[in-house]
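Notes follow once the structure below has been shown.
The structure presented is a predicted model; accordingly, all values stated were derived computationally and were not measured.
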Number of protein chains: 2
Amino acid sequence: MADIILNQDSGRAAGSDPEAVPAEGEPIWDLIELLFFAYRDFVSDPDHVLEKFGFGRAHHRVLHFVNRNPGMKVADLLETLRITKQSLGRVLKQLVDQGYVIQKEGPDDRRHRLLYVTPKGEQLAMRLAGLQTVRIGRALAELGSGAHDGARAFLTTMIDADSREAVLRFIARADRARRPR
Amino acid sequence: MADIILNQDSGRAAGSDPEAVPAEGEPIWDLIELLFFAYRDFVSDPDHVLEKFGFGRAHHRVLHFVNRNPGMKVADLLETLRITKQSLGRVLKQLVDQGYVIQKEGPDDRRHRLLYVTPKGEQLAMRLAGLQTVRIGRALAELGSGAHDGARAFLTTMIDADSREAVLRFIARADRARRPR
DNA sequence: GAAATATGTCAACATGGCTGACATAATTTT
DNA sequence: AAAATTATGTCAGCCATGTTGACATATTTC
């Protein structure tokens, strides 16, 4: 089943404009729609768990990035999430009040509030990441060896060229942070 | 640039549980985060255009699927988007009132309201799809030949097994619909 | 000491989800 | 033909999460 009989439209129709990829010809419908559906399901697993905690997606994003980057500054989080401090403030306050995140004064600059997950916070963050890992792991297992690298390469190049380097640096740095040397 | 030096964690740590992928071991951080960032940028291009029209993401989704599936019923759209008819009603009404979508009485069952984009609606839908196609096309071009198939396979298996077949059927059907035989 | 920076907070507003209740028209069932 | 079901629409209100703008506080830098 799942016989893949989609449009093999890779002909690109030899548009009169062989320049700078201005999206001549037919849109790449299959990937546009698969991204929509895949992402929808990808976030739905955490959503169900979060609901039981009275949290939403916004809480998930904060918890995720704080867990991945213990000690990050509020400003870093704002830049990563690309939301306003007021939006962040609302969910962050709840996470702090309910003991999922703590804030420590910055050692060098005491204006900074460095963010850390508590054990309770880490437990939830890891549980949510685990759900998403199950889905991804299942997909990769179904696809065979090169799939992880392939997916990583595709998703990476889908990111704005400007942000790409920063994202990769973030991931690499977070891996070091969570993997005590 | 964009040197890929991420965690090559494909060792899976040989967990004591070789069963049913229960997310033992370390989460697949890189793909979790790349999905987040890639999707964020993927929807940001249309967002900017939609803003000028006074529309939001909700309008985009409706316009997209109606454009892809001319003559679809309201019930189909509700199922595809997985929202309530009240939520749909709000944005659909605006799209109809402003001449982007029209509704026709169903020929066999006159309770049905079959949805169609107008020329104006199609133009906007295609413009938005074009933006997303530029991004995807750029990524695929950067990656070489097998990338399209690889991305399709990965995203497909990321979808809930239940919905997968329906999604593929939808895409295949829509391709026929927009490609007058 | 003044200016800039990091963070927090109050108030108000917009979008787009949701539930519940109810209305209408058309079709299907009995 | 009457009754029940179905497809759609609509009103009212709530919630989560995004936004702007204004302002307060503590701290650091100039």
- Message: Determine whether a donor-acceptor pair (N or O, by modelled atom type, separation under 3.5 Å) exists between the side chain of Arg113(B) and the backbone of Lys104(B).
- Response: no
- Whole Å only: how far is the CD1 atom of Ile83(B) from the P atom of dT8(D)? 14 Å
- Message: Suppose we call a contact any N or O donor and acceptor under 3.5 Å apart; does that hold for the side chain of Arg90(B) and the base of dG9(D)?
- Response: no
- Do Arg111(A) side-chain and dT5(C) base share a donor-acceptor contact under 3.5 Å? yes
- Task: Assign Gly89(B) to base, sugar-phosphate, or nothing according to its heavy-atom contacts below 4.0 angstrom with the strands shown.
- Result: nothing
- Asp47(A) near the nucleic acid: base, sugar-phosphate alone, or nothing, with a heavy-atom cut-off under 4.0 Å? nothing
- Should the heavy atoms of other residues, nucleotides or ligands under 6.0 Å from CD of Glu142(A) be counted, would the total exceed 12? yes
- Item | Proximal nucleotide (of dT17(D), dT8(D), dT20(D)) relative to the His59(A) side chain | dT17(D)
- Task: Go through the N and O atoms of the side chain of Gln86(B) and the base of dG20(C), and report whether any donor-acceptor pair is under 3.5 Å.
- Result: yes
- Message: Rounded to whole Å, how long is the line connecting atom CG of Asp109(A) with atom C1' of dT5(C)?
- Response: 8 Å
- Base, sugar-phosphate, or nothing for Gln103(B), non-hydrogen atoms under 4.0 angstrom? sugar-phosphate
- Message: Heavy-atom nearest nucleotide on DNA chain D for Glu105(A) versus Phe55(A): which residue maps closer to 5'?
- Response: Phe55(A)
- Task: Mind calculating the distance between NZ (Lys93(A)) and C1' (dT7(C)) to the nearest angstrom?
- Result: 14 Å
- Message: Assuming nearest nucleotide by heavy-atom distance, tell me which of Leu88(A) and Leu92(B) is located more 5' along DNA chain D.
- Response: Leu92(B)
- Message: When you measure from the side chain of Asp41(B) to the backbone of Asp160(A), do you find a donor-acceptor pair of N or O atoms at a distance under 3.5 Å?
- Response: yes
- Within the distance-only criterion (no hydrogens, no angle test), does the side chain of Ser87(A) pair as donor or acceptor with the backbone N or O of Ile83(A) below 3.5 angstrom? no
- So what does Asp76(B) hit on the nucleic acid, given a heavy-atom distance under 4.0 Å: a base, only sugar-phosphate, or nothing? nothing
- Query: Are Ser87(A) and dT17(D) close enough that a side-chain N or O sits under 4.0 Å from OP1 or OP2?
  - Reply: no
- Tell me what Lys85(A) touches on the nucleic acid: a base, only sugar-phosphate, or nothing, going by heavy atoms under 4.0 Å. base
- Starting from P on dG18(D), measure out to CZ on Arg40(B) and report it in whole angstrom. 13 Å
- Run the numbers on Thr80(B) and Arg68(B) for side-chain hydrogen bond (donor to acceptor under 3.5 Å, both in side chains), then give the verdict. CA-CA 12 Å; Thr80(B) 300; Arg68(B) 277 281 281 169; over 6 Å; no
- Query: Any donor-acceptor pair under 3.5 Å linking the side chain of Asp109(A) with the backbone of Arg111(A)?
  - Reply: yes
- So does Arg110(B) get a side-chain nitrogen or oxygen closer than 4.0 Å to the phosphate oxygens (OP1/OP2) of dA26(C)? yes
- Task: May I have the distance from Met72(B) (atom CE) to dT8(D) (atom P), rounded to whole angstrom?
- Result: 11 Å
- Task: Rounded off to whole Å, could you give me the CG-to-P distance for the Leu78(A) and dT17(D) pair?
- Result: 16 Å
- Item | Side-chain N,O (His112(B)) to OP1/OP2 (dT27(C)) below 4.0 Å | no
- Item | Whole angstrom value for the distance that separates P of dA16(D) from CZ of Arg61(A) | 15 Å
- Integer-rounded Å distance: dT20(D) C1' and Arg82(A) CZ: 19 Å
